[in-house]
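Below is one structure, written out as structure tokens; the observations come after it.
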Amino acid sequence: MFDIRWIRENPELFDEGMERRNHDARAIQLIALDDSRRGHVTKLQEAQTRRNTTSKAIGAAMASGDKVKAEDLKAEVSEIKQFIQSGEDEERRLTSELNDALSAIPNIPLDDVPPGKDENDNVIYRVVGDAPAPSQNAKEHFEIGEALGGMDFETAANLAGSRFVLLRGGVARLERALGQFMIDLHTTQHGYEEVAPPLLVRDAVAFGTGQLPKFSEDLFKTTDGRWLIPTAEVPLTNTVADQILDLDTLPLRLTALTPCFRSEAGSAGRDTRGMLRQHQFSKVELVSIIKPEKSLDELERMVDCAETVLKKLDLHFRTMTLCSGDMGFSARKTYDLEVWLPGQQAYREISSCSVCGDFQARRMNARFRLEDGKSLAHVHTLNGSGVATGRALIAVLENYANADGSVTVPDALRPYMGNLETIEPAG
RNA sequence: GGAGAGGUGGCUGAGUGGUUGAAAGCACCGGUCUUGAAAACCGGCGUGCGUGCAAGCGUACCGUGGGUUCAAAUCCCACCCUCUCCGCCA
């Protein structure tokens, strides 16, 4: 969320950022809102000053036994009170009007983010490994999974409806192995602390990371008013909400392997086949809470952590810098890792790492104490998938499928698969 | 689900209608002392908002949101959270 004072001081930077975002918010409208709020606050405070001084005078008059004077003063304050009453209502209205406007505004891209409209304008940052030779026979993951008897969409649909899958046997274990492998890698090699967070959160938490108020339709809501997390980023990042962190606790690096729930409200008809886009999927998430001056380095570090997963699985992928029009609401800069899927003959997003600056920290009110031991500043937050297990499963199946229908288990996963070397078709 | 207790500044913890933004201690910052450190002593030390070039001034804030009152941390209402006991339960 933006600080209105920053917008007042940097209107052209703000407008330029909004333009790059293809967003229609403009500084002049917000400043006008703030002007009317400020003007009103000043008037209200003057009235409050008079009320306070007069009230103190009443106290003094009572103390000295001057009842007549006290009564006179009471009558005087009564009138001021009327104005204050309505004035406070008006202040609340003006403040929430401004806050509502501010909380719906996306973050501004960093200067080095390529300009663009949608995914077609994303820029290749680096490519790792070689794409397998084109193959006519390459199968899609759901063909492979179903042939193994390990990917049951029909039963899942009977149980829960569309966009769910039921995994069985070796395939189910393979997904679990991927999750275990990734979270072990991040905790033992990359310095992240493992967290097992709640999967349901309250409004304020979903607001903190930017899901609310604008994207409530993308989330599942429980009957008692909570939200199913769409990513562990939400609870992990909010662990520092409303806190003042000591300098020596930073950086804070957290990881979690959790189910994620998304309504996919806006994507009817897209990726309906297979398990590319599900209402429920598992993901290893990475979150860093960091000092502002370190946040850009941390983004590179985080991408490296995510890339390491794919390198260890020996998967070919490319890392993309998202263009200004393709980034998420809270992000200032985002790298996507796109893994090569032979079955689709295409690169598909498998991980996404973003730096949010103080955008989320302001929403959450997460601050830290500076070196002087006194002043406070907002932390910076970063989040990234240390790879979604569902999509990693897809990638492994499509890249490790053999002609006879079996799937070779990647070396890195064997310790988690009871040293199994291949998953064979059922029966 | 039933009964009770409680939420005060970075932390601990006083404070039940009138100079209380809030005692005290700890932590922290500056200073004295010391070869240095510790201890001791002296001083300082909340946040948001408004206003101002600034010093400052004003205002709001004692879980959150409303209300009563000339005046609320203190009284009333609703909600949130924590703890204890009982019930139920993986």
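The sequence lines fix the lettering, A, B, ..., with proteins before strands; numbering per chain opens at 1.
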Any-strand Watson-Crick or G-U partner of [N], both distances under 3.5 Å:
| N | result |
| --- | --- |
| B/rA39 | none |
| B/rA22 | none |
| B/rG87 | none |
| B/rU69 | none |
| B/rU64 | B/rA78 |
| B/rC33 | none |
| B/rA54 | none |
| B/rA14 | none |

Kindly state whether the ring of A/Phe142 and the ring of A/Phe153 have centres lying under 6.0 angstrom apart.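 Distance test on ring centres: not under 6.0 Å, no.
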Please tell me whether A/His279 and A/Phe220 form a close aromatic pair, meaning their ring centres lie under 6.0 Å apart. yes
Which atom pairs, donor and acceptor, lie under 3.5 Å between side-chain atoms of residues 414-422 of chain A and protein residues at least two apart or in another chain?
residue  : atom : partner  : partner atom : Å
A/Arg414 : NE   : A/Val409 : O            : 3.1
A/Arg414 : NH1  : A/Asp411 : OD1          : 3.3
A/Arg414 : NH2  : A/Val409 : O            : 3.0
A/Tyr416 : OH   : A/Asp184 : OD2          : 2.7
A/Thr422 : OG1  : A/Glu424 : OE2          : 2.7

Compute whether any side-chain donor of one residue and acceptor of the other, for [X] and [Y], lie under 3.5 angstrom apart.
| X | Y | result |
| --- | --- | --- |
| A/Glu194 | A/Thr187 | no |
| A/Glu233 | A/Gln360 | yes |
| A/Thr231 | A/Lys283 | yes |

For [X] and [N], give me the distance from atom [atom1] to atom [atom2], rounded to whole Å.
| X | N | atom1 | atom2 | value |
| --- | --- | --- | --- | --- |
| A/Gln82 | B/rU68 | CD | C1' | 15 Å |
| A/Lys74 | B/rC70 | NZ | P | 7 Å |
| A/Asp242 | B/rG10 | CG | P | 12 Å |
| A/Leu44 | B/rU51 | CG | C1' | 14 Å |
| A/Arg8 | B/rC49 | CZ | P | 12 Å |
| A/Glu71 | B/rA71 | CD | C1' | 13 Å |

Pairwise 5' ranking along RNA chain B for A/Arg5 and A/Ile244, keeping only the more 5' one: A/Ile244
Between A/His23 (side chain only) and A/Ala25 (backbone N and O only), is there a donor and an acceptor less than 3.5 Å apart? yes
[X] bridged to [Y] by N-O distance under 4.0 Å:
| X | Y | value |
| --- | --- | --- |
| A/Lys43 | A/Glu46 | no |
| A/Asp121 | A/Lys117 | no |
| A/Arg273 | A/Asp271 | no |
| A/Asp242 | A/Arg367 | no |

Please measure how far the [atom1] atom in [N] lies from the corresponding atom in [M], and state the result in whole Å.
| N | M | atom1 | value |
| --- | --- | --- | --- |
| B/rG44 | B/rG56 | P | 14 Å |
| B/rU69 | B/rC80 | P | 28 Å |
| B/rA22 | B/rA37 | P | 34 Å |
| B/rA14 | B/rG25 | P | 15 Å |
| B/rA38 | B/rU51 | C1' | 47 Å |
| B/rA72 | B/rU16 | C1' | 10 Å |
| B/rG46 | B/rU8 | C1' | 13 Å |
| B/rC28 | B/rC45 | C1' | 8 Å |

Closest non-hydrogen atom pair between A/Pro11 and A/Ile31, with its separation: CB-CD1, 4.5 Å
What nitrogen or oxygen pairs link the protein and nucleotides 78-82 of chain B at under 3.5 Å?
residue : atom : partner  : partner atom : Å
B/rC80  : O3'  : A/Arg202 : NH1          : 3.4
B/rC81  : OP1  : A/Arg202 : NH2          : 3.2

Name every residue in [range] that has at least one heavy atom under 4.0 Å from any atom of RNA chain B, in order of residue number, or write none if there are no such residues.
| range | value |
| --- | --- |
| residues 357-365 of chain A | none |
| residues 46-56 of chain A | A/Gln48, A/Thr49, A/Arg51, A/Asn52, A/Ser55 |
| residues 86-106 of chain A | A/Arg92 |

Look at all strands and tell whether A/Gln85 reaches a base, only sugar-phosphate, or nothing, counting heavy atoms closer than 4.0 Å. sugar-phosphate
What contact category does A/Leu73 fall into here, base, sugar-phosphate, or nothing, at under 4.0 angstrom with non-hydrogen atoms? nothing
Take A/Asp15 and A/Arg20 through the test salt bridge (Lys or Arg N to Asp or Glu O under 4.0 Å) and record every step on the way to the result. CA-CA 9 Å; A/Asp15 285 352; A/Arg20 283 198 286 153; over 6 Å; no
If you apply the rule side chain to side chain donor-acceptor pair (under 3.5 Å), what do you find for A/Glu298 with A/Ser295, and how did you get there? CA-CA 5 Å; A/Glu298 185 72 6; A/Ser295 69; over 6 Å; no
Look at the side chain of A/Leu376 and decide which nucleotide, out of B/rU47, B/rA71, B/rG50, has an atom nearest to it. B/rU47
Heavy atoms from C-beta onward define the side chain here; which of B/rA71, B/rG50, B/rU47 lies closest to that of A/Arg367?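 Selected nucleotide: B/rU47.
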Less than 3.5 Å apart, which donor and acceptor atoms pair up between the side chains of residues 69-87 of chain A and the rest of the protein, not counting sequence neighbours?
residue : atom : partner : partner atom : Å
A/Ser78 : OG   : A/Lys74 : O            : 3.1
A/Ser86 : OG   : A/Phe83 : O            : 3.2

Is the cationic atom of A/Arg332 (NZ for Lys, CZ for Arg) positioned less than 6.0 Å from the six-membered ring centroid of A/Phe359 and within 45 degrees of its normal?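 The answer is no, since A/Arg332 fails at least one limit relative to A/Phe359.
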